[in-house]
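So you know, we letter chains A, B, ... as the sequences are listed, proteins then strands, and number each from 1.
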There are 2 protein chains.
Amino acid sequence: MARKTGSKSEITGPRIREAALSLFAQQGYAAVSMRQIARAVGVQAGALYLYTSDKQSLLFDLMRDHMDGLLAASAAEPKAATPLDRLQQFTRFHILYHLERPDAVFVSYMELRNLNPENFAAIEGLRRQYEQTLEAILKDGLAEGVFRLPDTKLATLALIAMLTGVNTWYRQGGRLGPDKIASIYWDMVRKAVAA
Amino acid sequence: MARKTGSKSEITGPRIREAALSLFAQQGYAAVSMRQIARAVGVQAGALYLYTSDKQSLLFDLMRDHMDGLLAASAAEPKAATPLDRLQQFTRFHILYHLERPDAVFVSYMELRNLNPENFAAIEGLRRQYEQTLEAILKDGLAEGVFRLPDTKLATLALIAMLTGVNTWYRQGGRLGPDKIASIYWDMVRKAVAA
DNA sequence: CTGGGAAATGAACAGGTGTTCATATAAACT
DNA sequence: AGTTTATATGAACACCTGTTCATTTCCCAG
């Protein structure tokens, strides 16, 4: 037997990526086998290689797509007038965007060490690019005197770690919804950088 | 051949844990084989089972030891008088303690999903216990009116994520030493919770 | 100097790994 | 209806996995 009824490239490809993302998030890249991914899709392991050159590329593509999406969505946000407004917008955007795709966020943060050096450098570059959008806001606010920070670079990393941390404890149906959480975090962010 | 000259139980045991911790931190629990750990120690794979019942226990013991050490060191800190001083002490302690043992911290945060449910619950309990030392400080400061926080629980998690985040970017010999970093973070923490 | 026990070996077990490829099949096009 | 082509199979490859255990070696107590 071969080629099941109703099988199509445009369907199987995305399904493989979805299954891989979900499994990588749950069990980790190294702990998930290609046969396991294939089973989740309902296909034999060999068929995966029609859609990805190897397991490493499967991981890398997932991470790069996530970072590309993040940067595109970030760039598409309307530009607020003041540094304070832009910081508020960044805070809300970061929390809401990350809460909407927990698997991709988790994989992109946890599986960095499973990328080969070349792929690691690529993802690292995209991550730095995203961090710079926040750093630029902080620098502007500093120049205008509306923020006071002991160290812009450290403040950038500290704020991002704080915001991304939401993903580690947030569970759907919990005490607080994403919007409320974003408001609470904005209160702390605003004060942390205040002049 | 068997039993090399000069081999002792009191030496091999710790060496296995050190090698496992280092390898788990670098490559991840699932990606590291027992033979790899044995090779790093200079022993055959079978010998590992004289010191651990299985791979899972090896991971769990490393994580539990780390959490026990963290809680013990935290409890041994001198108790400052005011909530503000206690918060400063917690901030400094957390950053310095974590920067001193990056491998144990990394493994304890990244390998939670590789614990079986029972072991996971145990580590989770210790982690919550540690978080409560910070939450207690925040609650005291709130009661005394020296802090103003929209949500104590979220502030606890936000601050810990921010502080632990230092480990993700800190490299020895970098621009700033641990003490300076702790000062900078304290400035942001203090402002974030200020009344 | 010898016996006993601790410490380590190395082979074996049953099964899993990523990846390739000749082959088979279903869908799409003429 | 018949042919081409994309899509999938399933067997095979060489090797690695965690764990067990009979056997061997070395150290130490008497």
Side-chain angles (χ1 to χ4, degrees), chain A residues 1-21 23-24 26-63 107 111 113-116 118-119, chain B residues 1-24 26-63 107 111 113-119:
Chain A
M1 338 152 213
R3 183 157 206 195
K4 291 208 202 133
T5 307
S7 59
K8 278 177 206 160
S9 170
E10 307 88 63
I11 288 185
T12 308
R15 291 225 310 148
I16 288 171
R17 281 190 285 278
E18 282 163 31
L21 183 63
L23 286 168
F24 288 166
Q26 283 170 51
Q27 311 181 204
Y29 172 76
V32 173
S33 73
M34 294 300 267
R35 284 171 180 81
Q36 210 175 143
I37 296 169
R39 207 178 312 131
V41 176
V43 104
Q44 292 298 313
L48 300 184
Y49 292 85
L50 260 9
Y51 302 93
T52 188
S53 55
D54 50 27
K55 197 187 176 190
Q56 167 78 199
S57 296
L58 189 50
L59 174 63
F60 175 65
D61 288 348
L62 289 172
M63 294 175 76
V107 168
E111 305 295 354
R113 63 182 159 188
N114 287 306
L115 292 174
N116 66 35
E118 184 187 358
N119 288 343
Chain B
M1 340 154 214
R3 185 159 204 195
K4 291 206 201 136
T5 307
S7 58
K8 277 179 206 158
S9 168
E10 307 88 60
I11 288 186
T12 308
R15 292 227 306 149
I16 288 170
R17 281 190 284 278
E18 282 163 31
L21 182 63
S22 172
L23 286 168
F24 288 166
Q26 283 170 51
Q27 311 182 207
Y29 172 77
V32 173
S33 73
M34 294 301 267
R35 282 171 181 81
Q36 207 173 149
I37 296 169
R39 207 178 311 130
V41 176
V43 103
Q44 292 297 316
L48 300 184
Y49 292 86
L50 260 13
Y51 301 93
T52 188
S53 56
D54 51 26
K55 197 187 176 190
Q56 167 78 200
S57 297
L58 189 51
L59 173 64
F60 175 65
D61 288 347
L62 289 171
M63 294 175 76
V107 168
E111 305 296 354
R113 64 182 159 186
N114 287 306
L115 293 174
N116 66 36
E118 184 188 357
N119 289 342

Query - Nearest-angstrom distance from the residue atom CE of M34(A) to P of dT19(C) - result: 6 Å
**Report entry** Side chain of Q44(B) (C-beta onward), nearest among dG10(C), dT19(C), dG18(D)
**Finding:** dG10(C)
Query raised in the report: If only side-chain N and O atoms of S33(A) are considered, is one of them under 4.0 Å from the OP1 or OP2 phosphate oxygen of dG16(C)?
Result: no
Report task. Look at all strands and tell whether V32(B) reaches a base, only sugar-phosphate, or nothing, counting heavy atoms closer than 4.0 Å. Result -> sugar-phosphate
Report task. Only counting residues at least two apart or in another chain, list the ones meeting side-chain hydrogen bond (donor to acceptor under 3.5 Å, both in side chains) with Q56(B). Result -> N119(B)
Report task. Return the value, rounded to whole Å, for the distance between atom CD1 of I11(A) and atom C1' of dA6(D). Result -> 14 Å
Query - Of R35(B) and A47(A), the one whose closest DNA chain C nucleotide lies more 5' - result: R35(B)
Query - Closest to side chain of V43(B), choosing from dT9(C), dG18(C), dT19(D) - result: dT9(C)
Requested in this report: Could you go through the salt bridge (charged side-chain N to carboxylate O under 4.0 Å, His left out) check for R113(A) and E111(B) one step at a time?
Outcome: CA-CA 13 Å; R113(A) 63 182 159 188; E111(B) 305 296 354; 2.9 Å; yes
Query raised in the report: From dT7(D), dT17(D), dT19(D), pick the nucleotide closest to the side chain of L50(A)?
Result: dT7(D)
Query raised in the report: Y49(B) has an atom OH; how far is it from atom P of dT17(D), in whole Å?
Result: 11 Å
Query raised in the report: How long is the span from the OG1 atom in T52(A) to the CD1 atom in I16(A), to the nearest 0.5 Å?
Result: 8.0 Å
Query raised in the report: Taking CG from L48(B) and P from dG18(D), how many angstroms apart are they, rounded to a whole number?
Result: 10 Å
Report summary line: note: R39(A), atom CZ; dG16(C), atom C1'; distance rounded to Å ~ 11 Å
Query - Spacing between N114(A) atom CG and dG18(C) atom P, to the nearest angstrom - result: 12 Å
Report task. Choose from dT9(C), dT19(C), dT7(D) the nucleotide whose nearest atom is closest to any side-chain atom of Y51(A). Result -> dT7(D)
Requested in this report: Grab the two heavy atoms, one from Q36(B) and one from A31(B), that are nearest each other, plus how far apart they are.
Outcome: NE2-O, 3.8 Å
Query - Under 4.0 angstrom between T12(A) side-chain N/O and dT7(D) OP1 or OP2 - result: no
Query raised in the report: Would you say the side-chain atoms of Q26(B) and S22(B) include a donor-acceptor pair closer than 3.5 Å?
Result: yes
**Report entry** Whole angstrom value for the distance that separates P of dT19(C) from CD1 of I37(A)
**Finding:** 10 Å
Query raised in the report: Could you state the CD1-C1' distance from I16(B) to dA7(C), rounded to the nearest angstrom?
Result: 11 Å
